[in-house]
Amino acid sequence: MSTDQMIVTGTLVAALALFTTNALPLGVTGIGIIAVLGLSGVLEGRAALAAFASPAVVLVGSLYVVSASLIRTGVVGALEQQLVRWSKDSKPRVLFVTTVATALASSLLNNTSVVVLMLPILLAAAARLDIAPSKLLIPLSYASILGGTMTLIGTSTNVLVKELASQSFTIHFLDFLPMGLTFCGVGLTYLWFVAPHLLPARATVSSITKGKTFEFVSELRVPKQGPAVGIPVSSLAARAGKKIRVLRLLRGEEAIQQCEDEILQPDDVIDLRGPPEVIVALRRDLGLEARYYDSAPTGTTFAEAVVTPGSVLLGRTLGQIALNRTAGVIALALQRRGAHLRQGYLNLPLETGDVILVQGRPEDVARLRTRQGLILLVGVDEHVALRRRAPVAIGILATFVLCAALTSFSLPLLAVAAAGLCLATRCLSLDRATREIDWNILGLLAGAITLGSALHITKLDGHVARAVIGITRDLGPYAVLGGVYLLTSILTEFVSNSGAAALMVPIAIATSGELSLRPEPFVFAVAFAASASFATPIGYQTNAFILGPGGYTFGDYVRVGLPLQLLLAAYATVALPFFFPFA
């Protein structure tokens, strides 16, 4: 093995480890790949950096803007709410309508954005029909994945595959559609008739509120004149029937932990913990004032809020965020990977899909709708400020799709033009556009393209291809095709789908060359297998996102997703040569 091959192999192994463990953000790993392969001399510097300006990166970045415009102007939300109404309160029809709507929307828009938008709509329908959310949310995620396979722009993986395969053959805008429609149809049929029998009826985090009394922490100030001045701190618990506990006393810059013997003075601040109604009564009796927001309000309501992908809250703890001070609500519990946490949760760094159980006044809870990085899982979020521009956004998308399908214009250039029009017509502000772009994915795409080039230049793809062929050659081309699909399918469950595609497309092309067959069926096998991640919550972002709201465990994905993965593997192995012949 040459020095360059050893460097590429080491980079690949390190990247796979980072993808699997999530030790670094995906985008950071992608940029690291470029830096290592460029600085080591495996790729010439300009060639290594070229991935940042590749058509795939430009196309995906532009499509984030177009997708966000459709969502920001209320087009997608209005359509999906109407579809839920058409379900007419029928449980089977809710599943059918929402999966079809999600698949269709995901064929043109960013999958994660569609699921983020659809989640509160579907949960409202589940509450109305008394359906456990766990019966609906895995189908929601899987439908978005299946819908993304139907078109070139349905998922960034397809765009990456087009870029990596461009040296061997050209993938056109509609090439995915015939196979994608049938692939999606097989998957949706499974979700309608088989998955409901395998999905659990799992309790959500709000279920722990039933029959239980929760305590709040309130910070109350002693006014300059009032009955509280001059009384000992130790008397507060007695006045409240010993149902509260004084946590500390703040006096000026001093925090007094052992404060039972202290006498209350004007402007002292007391930290109390106890039932909300008891604290409210104590405040009224002693004329105490809330220092920040009222942490123990009367007329409170419970709600669930989920942490979204890319949220500014990721990595921060509930203790650091201090929702009681910044939003006037109290975080009572946290649900993560099916577990309901009521102790130690304030010090856990937040992850995508975490569900926070909060309590507060209805108006304070409602304000969480506008907090960046949280989705309120009660009712339907109707906060759309730009509905009047919805026809413009629809027109831009329709023009883009028609031009991409019927003209020979460069697809990335069309996408850039569409994104520019969305900004120029104020369907989306520039500031909002920069927030909506998933820079993590763009960094990953750039790194994946660079890694794919290095595998080809160092001829490592040929070595792996010969190993794959050696196992399956005697069984014929269908067996080799199935081997490529299964290998990609396994990889995509433990690394990102783009990472799996970057590794496997060069191998697929080399495999077809070794067999003197056309590369198309093997490359499209990689494209469909890399997207079809169903058996774990870590292989695809939407799977991770619905993990908390659905109350799922890792085993739920295996039980429901693995049969679907095997079914689609068998179907793709048989169907791909029909749409893309071997010779």
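- Looking at heavy atoms from C-beta onward, Ile507 lies out of side-chain contact with Leu487 at the 4.5 angstrom threshold.
- Between the side chains of Thr542 and Asn111, no donor-acceptor pair of N or O atoms lies under 3.5 Å.
- With Ser166 contributing its side chain and Glu163 its backbone, the two residues share a donor-acceptor pair below 3.5 Å.
- To the nearest 0.5 angstrom, Asp4 atom CG is 7.0 Å from Ser40 atom OG.
- With a 4.5 Å cut-off on side-chain heavy atoms, Leu451 and Leu503 do not count as touching.
- Judged by distance alone, with hydrogens and angles left aside, the side-chain atoms of Ser489 form no donor-acceptor pair with the main-chain N or O of Leu486 at under 3.5 Å.
- For Asn543 and Ser141, the side-chain atoms include at least one donor-acceptor pair closer than 3.5 Å.
- Between the side chain of Thr182 and the backbone N or O of Met179, at least one donor-acceptor pair lies under 3.5 Å.
- Scanning for side-chain contact (heavy atoms from CB on, under 4.5 Å) contacts around Leu413 gives Ser410, with sequence neighbours left out.
- Pairing each heavy atom of Leu95 with each of Pro139, the nearest pair is CD1-CB, 3.6 Å.
- Between the Ser144 side chain and the Ser106 main chain, no donor and acceptor come within less than 3.5 Å of each other.
- For the pair Leu481 and Phe522, the minimum side-chain heavy-atom distance is below 4.5 Å.
- Under the 30°/60° scheme for interplanar angles, the aromatic rings of Phe534 and Tyr142 are found to stand perpendicular.
- Atom OG1 of Thr317 sits about 7.5 Å away from atom CG of Leu350, to the nearest 0.5 Å.
- Here CG of Leu181 is found 10.0 Å from OG1 of Thr151. Values are rounded to the nearest 0.5 Å.
- Inter-residue side-chain proximity for Lys162 and Pro55 is flagged as unmet; no heavy-atom pair is nearer than 4.5 Å.
- Between Leu37 and Ala454, the closest heavy-atom pair is CD1-CB, 3.7 Å.
- Here OG1 of Thr450 is found 4.0 Å from CD1 of Ile34. Values are rounded to the nearest 0.5 Å.
- When every heavy atom of Asp354 is checked against every heavy atom of Pro349, the shortest pair comes out as OD2-O, 4.3 Å.
- The heavy-atom pair separating Ile145 from Ser533 by the smallest distance is CD1-O, 3.4 Å.
- A heavy-atom distance below 4.5 Å is not found between the side chains of Leu568 and Tyr190.
- Counting heavy atoms from C-beta outward, Val484 and Met504 have side chains that approach closer than 4.5 Å.
- The residues Glu44 and Arg46 are annotated as not salt-bridged, no charged nitrogen and carboxylate oxygen being separated by less than 4.0 angstrom.
- Thr149 places a side-chain N or O within donor-acceptor distance of the main-chain N or O of Leu146, the cut-off being under 3.5 Å.
- Within the 4.5 Å cutoff, side-chain heavy atoms of Leu43 are placed close to those of Ile457.
- In this structure, CD1 on Ile153 lies 8.0 Å from CG on Leu109, to the nearest 0.5 angstrom.
- Between the side chain of Arg518 and the backbone N or O of Phe580 there is no donor-acceptor pair closer than 3.5 Å.
- Using a 30° and 60° split on the angle between ring planes, Phe183 and Phe528 fall in the tilted class, from 30° to 60°.
- Proximity of a side-chain donor or acceptor of Thr492 to a complementary backbone N or O of Thr488 within less than 3.5 Å is not detected.
- Shown here for Tyr552 and Ser134, the closest heavy-atom pair between the two residues is OH-O, 2.6 Å.
- Using a 4.5 Å heavy-atom threshold, the side chains of Tyr478 and Leu576 count as separate.
- Nearest heavy-atom pair, Pro581 versus Pro521, reported as atom, atom and distance to 0.1 Å: O-CD, 3.8 Å.
- No donor-acceptor pair under 3.5 Å is formed between the side chain of Asn158 and the backbone N or O of Thr155.
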